[in-house]
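Here's the structure, in structure tokens; my notes come after.
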Amino acid sequence: MAGLWRSYQALMTKYPWRVQIVTAGSLVGVGDVVSQQLIERRGLAQHNVQRTAKMMSIGFFFVGPVIGSWYKVLDRLVVGGTKSAAMKKMLIDQLCFAPCFLGAFLCISGALNGLTVEENVTKLKRDYTDALIANYYLWPPVQIANFYFIPLHHRLAVVQIVAVAWNSYLTWKANKM
């Protein structure tokens with residue numbers, strides 16, 4: 001396991017952007033597998049591989065690039081690694097970024113699932129508030145720790161590891177018709 005971590009860090013040093021995106025996409029996919037198998041209890045025979053591929057594509061093309069870029073912007077907005085700076089980053093992240101990101105995620109997943117604009121708006125009205133409240137239960141303490149203890153280039157990976165559970169919830173929410 002230590003060797004795998006060293007290899008990951010070496011790749012992260014050499015290709016930080018690519019590794020962050022691949023990590024995010026892969027872990028969003030893992031979240032969907034967990035959702036289908038543990039939450040929805042579909043069983044392997046009923047596993048929707050196409051859905052997992054769609055969710056992974058959201059991870060690769062939306063989650064990874066957007067969150068990776070956001071953390072860079074946030075580090076420029078609030079400089080430093082103090083407890084106070086971590087608290088400020090968490091507040092900006094949770095009050096400004098999280099609501100927008102969550103809405104975009106749900107809309108993108110709805111579009112990839114073939115929903116019309118009207119159906120997507122209806123689904124967003126139904127699911128957004130619950131998802132945002134759930135977000136506020138999980139992410140503030142995680143983000144304070146992330147912003148205080150974790151170097152910038154590892155934040156997305158740390159968040160995505162915690163997010164396996166969150167992604168399981170989100171993919172269930174996003175795919176619940």
Evaluate the side-chain proximity of [Y] to [X]: yes if any heavy-atom separation is below 4.5 Å, no if none is.
{"X": "Leu74", "Y": "Phe147", "answer": "yes"}
{"X": "Trp166", "Y": "Trp139", "answer": "yes"}
{"X": "Val28", "Y": "Met56", "answer": "no"}
{"X": "Leu106", "Y": "Lys123", "answer": "no"}

Please lay out, stage by stage, how Leu152 and Lys72 fare under the test side-chain contact (heavy atoms from CB on, under 4.5 Å).
CA-CA 7 Å; Leu152 175 62; Lys72 290 176 185 175; 4.2 Å; yes
Between Ser109 and Arg51, is there a side-chain donor-acceptor contact under 3.5 Å, judged purely by atom types and distance?
no
Donor + acceptor pair across side chains of Gln94, Asn135 (<3.5 Å):
yes
What are the two closest heavy atoms between [X] and [Y], and how far apart are they?
{"X": "Gly59", "Y": "Ala24", "value": "O-CB, 3.9 Å"}
{"X": "Ala174", "Y": "Phe105", "value": "CB-CE2, 4.3 Å"}
{"X": "Gly29", "Y": "Thr52", "value": "O-CG2, 3.9 Å"}
{"X": "Cys107", "Y": "Asn120", "value": "O-ND2, 2.9 Å"}
{"X": "Tyr128", "Y": "Pro99", "value": "OH-O, 2.9 Å"}
{"X": "Gly80", "Y": "Ala85", "value": "O-CB, 3.6 Å"}

Taking only Lys NZ, Arg NE, NH1 and NH2, and the carboxylate oxygens of Asp or Glu, determine whether Lys89 and Asp93 approach each other closer than 4.0 Å.
no
Sequence neighbours left out, cut at 3.5 Å: what donor-acceptor pairs do the side chains of residues 8-16 make with other protein atoms?
from  : atom 1 : to    : atom 2 : distance (Å)
Tyr8  : OH     : Thr23 : OG1    : 3.1
Gln9  : OE1    : Trp5  : NE1    : 3.3
Thr13 : OG1    : Gln9  : O      : 2.9

Which residue, Phe97, Phe101, Phe62, forms the ring-ring contact (aromatic ring centres under 6.0 Å, His included) with Trp70?
Phe97
Do [X] side-chain atoms and [Y] backbone N/O form a donor-acceptor pair below 3.5 Å?
{"X": "Asn146", "Y": "Val142", "answer": "no"}
{"X": "Asn113", "Y": "Leu115", "answer": "no"}
{"X": "Arg155", "Y": "Tyr71", "answer": "no"}

Which ILVMFWY residues are connected to Val30, directly or by a chain of links, through side-chain heavy atoms under 4.5 Å apart?
Leu27, Val34, Leu38, Ile161, Val164
Any chance you could lay out the side-chain contact (heavy atoms from CB on, under 4.5 Å) test for Met55 and Asn167, step after step, and finish with the verdict?
CA-CA 9 Å; Met55 297 312 296; Asn167 293 337; over 6 Å; no
For Asp32 and Lys54, run salt bridge (charged side-chain N to carboxylate O under 4.0 Å, His left out): C-alpha distance rounded to whole Å, both residues' side-chain angles, the deciding distance at 0.1 Å, then the answer.
CA-CA 10 Å; Asp32 185 65; Lys54 286 178 188 177; over 6 Å; no
Dump the intermediate steps for side-chain contact (heavy atoms from CB on, under 4.5 Å) on Trp17 and Val22, then the final yes or no.
CA-CA 9 Å; Trp17 189 245; Val22 169; over 6 Å; no
